[in-house]
Amino acid sequence: MASIPFSRPEPLAPPPALSLARIPWVPIVLTTIALTYLALFLFVPLAAVFHEALKKGWGVYLAAIADPDAWSAIKLTLLAAVIAVPLNLVFGVAAAWAIAKFDFRGKNLLITLIDLPFSVSPVISGLIYVLIFGLQGWLGPWLAAHDLKIIFAVPGIVLATLFVTFPFVARELIPLMQAQGREEEEAAAVLGASGWQTLWRVTLPNVKWGLLYGVILCNARAMGEFGAVSVVSGHIRGLTNTLPLHIEIVYNEYQFAAAFACASLLALLALVTLALKTLVEARAHKEYSR
Amino acid sequence: MATLRRHSVLPGFNLALGFTLLYLSLIVLIPLSAAFIKTFTLTWDAFWAHVSAPRVVASYQLTFGASLAAAAINAVFGLLVAWVLVRYRFPGRRLVDALVDLPFALPTAVAGIALTALYAGNGWLGEPLAKLGIKVAFTPLGVMVALTFIGLPFVVRTVQPVLEDLEKELEEAAQSLGATAWQTFSRVIFPALLPALLTGFTLAFARAVGEYGSVIFIAGNMPMLSEITPLTIITKLEQYDYAGATAVAVVMLVTSFALLLAINLLQAWMRRRQGQR
């Protein structure tokens, strides 16, 4: 083999983006199948919402949104989110502080329990509050005697929303704060910062993107929840209908254009949520990978 | 609480953990235990009669069957989508990547009416399918379509990061040893993705089993035929059959907790696998 001249090997070409790329039609076929699947199950349904909403023109669209029942539904949806998101935000920070900054027994069990609401069917999330606060429930007779209404009223809707959005902020913050460690907080404490100062000046600025990410997802779910809220709402028009419930009622009355007009508002909310989420992810990636 | 934890210079442990446990108990644990306590007031025979009634059993078959089918579809196509998003470059890739999460962000009721409009006899997709003799809306097939929609992101989002971290050297080594492209995929890449794929499958399945909002519009909700289990709970509630509703709910809850346990075990397996490399 000495006859082969000993030469520098050719500089290695960058590895092919994919091993299958050597067969030229494979990437094209796979990409086409993947995009067709996504088109059928994601893009076409999304487009259908706006198409159906505007089918009968802008007049019908605007009238459907300006309807007083739709307005009260929008207001109730916002109210539920305005209460549920901050409460679950405070909970998320407290839980993450306890779990990430301290060692204690039962930590893994606690993390599992925090995630529990995600694995419960929305219908059951509503049912459990009916069992407690409903007329036949544990506290039902007492509430009735004091003329307090929770089920089929706004407090029930807020409770159901709290339950289904419970883990969002905590599950973003816990792994993030665990990964960031305790050194910075310990340094602040040694230098004489109080607990609140450490939280406000050190911890929260460090996790702000993760926090925002959790809040965005929490808010989207709070405004869009259907099953849990449906069980506790009682569907009283103008009083206990959130926007998703209003859509169901209008849809079942065969006012399809009106139902889709209201649905398009929630679809826009979903698109804004995705845009913000992508933005926050990019910022967080930049910051945390530094 | 001091015996529970090691000493730390940081303050606020008692306050943070105390608030966490109080809030967790009030919002989640006590309400959830209400379902179990309510069920314990039933005799075993009464409980069994509620959860094994023919209409309820038919709803389990539909719910679990359609959820399994939807999760399987998402496992296959989710793996494909993750592969395409990680390994190929095409115009609009970042937009497509962001939109994969749409089912997480879109309220289920909106998804439900949109899919119904699409797959109804006069819809964009329903009309051509009807000509082929396939009815989707208001049949069990419609239930599967809705469950496929809401489970779509799970497999993509669990497989994607693992695929991104996969070392190219392994594939190059396999190929330099003479493996074909298919052998490289089936013997090297796929085994590395399997824990993530199974986790995504189970997550999609668990989500589908409890799903309500996106299904009830497209299902038709015929008892014995196209009625999902969450809907039977609602139907019982509307008839003031609280005991029956709770009994079925407890069956669902126990199933969900078993799935949650399976997911935790799968994720532990996934972490061990990734830790090895």
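No hydrogens, no waters, no symmetry mates; every other heavy atom, side chains included, goes into these values. Note on naming: letters A, B, ... go to the chains in the order of the sequence lines (proteins, then strands), and numbering restarts at 1 for each one.
- Heavy atoms closer than 4.5 Å to chain A are found in the side chain of Leu125(B), but not in its backbone.
- Comparing Trp138(A), Phe166(A), Trp97(A), Trp196(A) by how many heavy-atom pairs each has under 4.5 Å with chain B, the most go to Phe166(A).
- Val145(B) touches chain A through backbone and side chain together, each having a heavy atom under 4.5 Å away.
- Residue pairs that meet the salt bridge (charged side-chain N to carboxylate O under 4.0 Å, His left out) test with at least one member in residues 109-130 of chain A, sequence neighbours left out, are Asp115(A)-Arg171(A).
- Using a 4.5 Å cut-off on side-chain heavy atoms (C-beta onward), Phe90(B) and Thr32(A) make no contact.
- The nearest pair of heavy atoms linking Ile132(A) to Pro31(B) is CD1-CA, 3.5 Å.
- Ser119(A) places no side-chain N or O within donor-acceptor distance of the main-chain N or O of Leu260(B), the cut-off being under 3.5 Å.
- Between chain B and the residues Glu225(A), Lys107(A), Glu186(A), the largest count of heavy-atom pairs under 4.5 Å involves Glu186(A).
- Proximity to chain A (any heavy atom under 4.5 Å) is restricted, for Asn264(B), to the side chain, taken from C-beta onward.
- When heavy atoms are compared at a cutoff of 4.5 Å, Thr278(A) approaches chain B solely by way of its side chain, counted from C-beta outward.
- Within the 4.5 Å cutoff, the side chain of Leu110(A) has heavy atoms near those of the Leu21(B) side chain.
- If you measure heavy-atom distances from Leu95(B) to chain A, you find no contacts under 4.5 Å at all.
- Interface residues of residues 255-263 of chain A toward chain B, defined by a heavy-atom distance below 4.5 Å and sorted by number: Ala259(A), Phe260(A), Ala263(A).
- Contact of Leu40(A) with chain B is made through backbone and side chain together, with heavy-atom distances under 4.5 Å.
- Per-residue heavy-atom pair counts under 4.5 Å with chain B were compared for Leu243(A), Thr31(A), Thr273(A), Val93(A), and the maximum is reached by Thr31(A).
- Proximity to chain A involves both the backbone and the side chain of Ala34(B), based on heavy atoms less than 4.5 angstrom apart.
- Heavy-atom distances place both the backbone and the side chain of Phe149(B) under 4.5 Å from chain A.
- No side-chain heavy atom of Leu217(A) sits less than 4.5 Å from a side-chain heavy atom of Phe104(B).
- Looking at Tyr119(B), the atoms closer than 4.5 Å to chain A (heavy atoms on both sides) all sit in the side chain, from C-beta outward.
- Across Val26(A) and Tyr88(B), no two heavy atoms sit closer than the pair CG1-OH, 4.2 Å.
- Heavy-atom pairs under 4.5 Å with chain A were tallied for Gly112(B), Ala174(B), Ala98(B); the largest tally goes to Ala98(B).
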### Task
Tell me, with the steps shown, if Phe41(A) and Phe77(B) meet ring-ring contact (aromatic ring centres under 6.0 Å, His included).
CA-CA 11 Å; Phe41(A) 280 98; Phe77(B) 286 96; 8.1 Å; no
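- Looking at Leu24(B), both its backbone and its side chain come within 4.5 Å of chain A, counting heavy atoms on both sides.
- Neither the backbone nor the side chain of Leu85(B) comes within less than 4.5 Å of any heavy atom in chain A.
- Side-chain contact between Ile27(B) and Asn88(A) is absent, with no heavy atoms from C-beta onward closer than 4.5 Å.
- Of all the listed residues (Val81(B), Ile113(B), Leu80(B)), the one sharing the greatest number of non-hydrogen pairs under 4.5 Å with chain A is Ile113(B).
- Annotation: Tyr240(B), atom OH; neighbour count of heavy atoms from other residues, nucleotides and ligands within 6.0 Å does not exceed 12.
- With a 4.5 angstrom heavy-atom cutoff, Leu15(B) touches chain A only via side-chain atoms.
- Using a 4.5 Å cut-off between heavy atoms, Leu237(B) contacts chain A through its side chain alone, with no backbone atom that close.
- For the pair Thr148(B)/Tyr37(A), a side-chain contact is recorded, criterion being any heavy-atom separation below 4.5 Å from C-beta on.
- Using a 4.5 Å cut-off between heavy atoms, Leu269(A) does not touch chain B at all.
- For the atom pair CD1 of Ile114(A) and OG1 of Thr20(B), the computed distance is 6.5 Å after rounding to the nearest 0.5 Å.
- Looking at Ala189(A), only its side chain comes within 4.5 Å of chain B, counting heavy atoms on both sides.
- When all heavy atoms of Ile216(B) and Glu248(A) are compared, the pair lying nearest together is CD1-OE2, 3.9 Å.
- Heavy-atom minimum distance, Phe226(A) versus Ala109(B): CD1-CB, 3.7 Å.
- Heavy atoms closer than 4.5 Å to chain B are found in the side chain of Leu131(A), but not in its backbone.
- Of the atoms belonging to Thr246(B), heavy atoms from both backbone and side chain fall under 4.5 Å from chain A.
- Looking at Leu162(A), both its backbone and its side chain come within 4.5 Å of chain B, counting heavy atoms on both sides.
- For the atom pair Leu116(A) CG and Ser256(B) OG, the distance stands at 9.0 Å (nearest 0.5 Å).
- Counting non-hydrogen atoms of other residues, nucleotides and ligands closer than 6.0 Å to CG of Leu135(A) gives a total of 12 or fewer.
- Here Lys277(A) pairs with Glu281(A), Asp101(B) under the salt bridge (charged side-chain N to carboxylate O under 4.0 Å, His left out) rule; sequence neighbours left out.
- The shortest non-hydrogen separation linking Ala220(A) to Ala105(B) is CB-O, 4.5 Å.
- Of the two parts of Leu118(B), only the side chain, counted from C-beta on, holds a non-hydrogen atom closer than 4.5 Å to a non-hydrogen atom of chain A.
- When every heavy atom of Leu42(A) is checked against every heavy atom of Val100(B), the shortest pair comes out as CD1-CA, 3.9 Å.
- Proximity to chain B involves both the backbone and the side chain of Leu113(A), based on heavy atoms less than 4.5 angstrom apart.
- For Phe163(A), the parts lying under 4.5 angstrom from a heavy atom of chain B are both the backbone and the side chain.
- Contacts of Leu245(A) with chain B are absent, with no heavy-atom separation under 4.5 Å from either backbone or side chain.
- Within the 4.5 Å cutoff, the side chain of Asp103(A) has no heavy atoms near those of the Phe13(B) side chain.
- Of all the listed residues (Ser33(B), Gly213(B), Pro230(B)), the one sharing the greatest number of non-hydrogen pairs under 4.5 Å with chain A is Pro230(B).
- In this structure, the portion of Phe43(A) lying under 4.5 Å from any heavy atom of chain B is its side chain and not its backbone.
- The contact list for residues 45-52 of chain A toward chain B, using heavy atoms and a distance under 4.5 Å, reads Pro45(A), Leu46(A), Ala47(A), Ala48(A), Val49(A), His51(A), Glu52(A) by residue number.
- Considering OG of Ser121(A) and CG of Leu253(B), their distance stands at 8.5 Å, rounded to 0.5 Å.
- A distance of 4.5 Å separates OH of Tyr251(A) from OG1 of Thr116(B), quoted to the nearest 0.5 Å.
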